[in-house]
Student: 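Below is a structure I'd like to ask you about.
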Amino acid sequence: MDTINEYIDQHKDRFINELIELLKIPSVSADSAFTQDVLDTAKAVKNALDKAGCDKTEICETPGYPVVYGEKIIDPKLPTVLVYGHYDVQPADPYNLWDSPPFEPTIKKTEAHPDGAIYARGACDDKGQMYMHVKALEYMTQTGNLPCNVKFMIEGEEEVGSENLGWFIERNHEKLKNDVILISDTGMIAKDVPSITTGLRGLSYVEVEVTGPNRDLHSGLYGGAVANPINILTKMISSLHDENNHITVPGFYDKVEELSAEERAQMAEAPFSLDAYKQALDIDDVYGETGYTTNERNSIRPTLDVNGIWGGYIGEGAKTVIPSKAYAKISMRLVPNQDWQEITELFKKHFESIAPNGVRVKVTPHHGGQGYVTPIDSLGYQAASKAYETTFEKTPIPQRSGGSIPIVSLFEKELKSKTILMGFGLDTDAIHSPNEHFGVWNYLKGIETIPWFYKYFTELND
Ligand code: BES
Ligand code: MN
Ligand code: MN
């Protein structure tokens, strides 16, 4: 299979250009202004799968955006790899903070990416990483190197919570049947430190509304005499953490999995520079739960964060007003064993209970999902590990990530299969932020590594 490197050398310009074409379509699932673009992207992905050598491809309708399905079954007796990815992207706002327009992909060289990186919304999360799998399939089918069966399931609602994917999976058990699920939608520690993601956090996302008087009031005539919803909301939010930055919602930690001293020591061995971390974010210190390191705080510990807060007058100049309402969006990142629906209930009960007289509080759950951990002794993990050893000449480090891909625990529950998370993004790739990018080196390295996974997974299953 040394031919993978030759194949990449011969075709890399086309690989990059095809990805650039896909990145030009603004498939923002959160904003209905982009509905047609999201649908066009599904078609583009289907075409790409056809060209890459799938025998059968389909645009599968769901109550939301469609799932793109593709397969190449070479022998039902051989193992089947199911590739999952998403073709939708986060909103690109605020546009003015981008150095080049988010849907006009531009290649630029940076310190982290001396070979250049593609700047565009979705470059890393997840069009670029998903497309590595399409090109790896092309290589395998074109050169007779596909050792097993492959299925693709690329969805269009990941960035808005995959709320229709449960519906789709329930109705398509047979179609999605597989021996392992392969996803590239996470990151790796560094270009010279390959890693495999072995854990994801769960999520509970809620919106809260605090209502005081029935209309906005003159802050002189009424100020001091009625509850100001913004004052109250901020006070309630501050009370959600104690002086050690523990979350105060009763029962919140009851099911949290505590790692052994040994597991924590192992985690601490992964290369990490706190100085570089602070420097990259322009902060003079980190901040978080007492008793845990930065890497523990952002992976094995649960969190509660305000994602947005609004209310009252925010226009030009001053307006003396006591607002009638204040709002916030709050996300809680959860760890394995915490049930997202249970946590949502606990939060709702607590938040309502701490509201003082004089205001009314409404908590509206948005979406959520369970966390995930995967063992490192599964066939899939071993195959992935060998694949990285082949292309990086280093054993990859298992790493638990702080992000969430709620569908992964659903896959395990519904399809009883393990997911292997082979991510090629870097933390500095600015996913969800302005100037998102994906290194050309990372993109090609992914395409190079994936076919080895297929080979080793098939061999290990023999
Ligand atoms: N690809 C990310 C998740 C991710 C990124 C995991 C990096 C690990 C490392 C995914 O697209 C995402 O953004 N997920 C959302 C959750 C979803 C329910 C909106 C998230 O983590 O905020
Ligand atoms: Mn993603
Ligand atoms: Mn994302």
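Counting convention: from 1, in listed order, for ligands and their atoms alike. Everything numeric in this text was worked out from a predicted model, so none of it was measured. Starting from 1, each residue takes its place in the sequence as its number.
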Student: How is the N/O/S atom of H432 that comes nearest to the Mn ion (ligand 3) named?
Tutor: NE2
Student: Nearest non-hydrogen atom to atom 12 (C) of ligand 1 belongs to which of H367, E158, H366?
Tutor: E158
Student: Could you tell me whether ligand 1 has any atom less than 4.0 Å away from a heavy atom of Q90?
Tutor: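 So Q90 does not count as touching ligand 1.
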Student: I want to know if ligand 1 touches R333 in the polar sense, i.e. an N/O pair below 3.5 angstrom.
Tutor: yes
Student: Return the residue, atom name and 0.1 Å-rounded distance of the protein heavy atom closest to atom 8 (C) of ligand 1.
Tutor: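 Minimum-distance protein heavy atom for atom 8 (C) of ligand 1 reads S401 OG, 3.0 Å.
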Student: Run through the protein N/O/S atoms less than 2.8 Å from the Mn ion (ligand 2) and write them out by chain and number.
Tutor: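 Only H86 NE2, D125 OD1, D185 OD1, D185 OD2 fall inside 2.8 Å of the Mn ion (ligand 2).
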Student: Yes or no: does V160 have any heavy atom under 4.0 Å from an atom of ligand 1?
Tutor: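 V160 does not count as a contact of ligand 1 under the 4.0 Å cut-off.
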Student: I'd like to know if the side chain of D88 pairs up with that of H86 as donor and acceptor (distance under 3.5 Å, no hydrogens or angles considered).
Tutor: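 Checked: D88/H86 side chains pair up, N/O donor to acceptor below 3.5 Å.
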Student: When you check the side-chain N and O atoms of T57 and K46, is any donor under 3.5 Å from an acceptor?
Tutor: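 There is such a pair (donor and acceptor under 3.5 Å, judged by atom type) between the side chains of T57 and K46.
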Student: Please check this pair: side chain of E436 against backbone of D125, looking for a donor-acceptor N/O pair closer than 3.5 Å.
Tutor: yes
Student: What atoms of ligand 1 come within less than 4.0 Å of a heavy atom belonging to P406?
Tutor: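 Within the 4.0 Å cut-off of P406, ligand 1 contributes 18 (C).
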Student: Does an N or O from D125, backbone or side chain, lie closer than 3.5 Å to an N or O of ligand 1?
Tutor: yes
Student: Check whether any heavy atom of D126 sits under 4.0 Å from an atom of ligand 1.
Tutor: no
Student: Does K175 come within less than 4.0 Å of E58, counting only side-chain N to carboxylate O?
Tutor: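 Between E58 and K175 there is a salt bridge, with a charged N closer than 4.0 Å to a carboxylate O.
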Student: Can a donor-acceptor pair be found, under 3.5 Å and without considering hydrogens, that links the side chain of K191 to the backbone of A112?
Tutor: yes
Student: Do any nitrogen or oxygen atoms of D185 lie less than 3.5 angstrom from nitrogen or oxygen atoms of ligand 1?
Tutor: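 Looking only at distances, the answer is yes, because the N/O contact criterion of under 3.5 Å is met.
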Student: Would you check if the side chain of R201 reaches a backbone N or O of I300 as a donor-acceptor pair within less than 3.5 Å?
Tutor: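 Checking the backbone N and O of I300 against the side chain of R201, no donor-acceptor pair under 3.5 Å is found.
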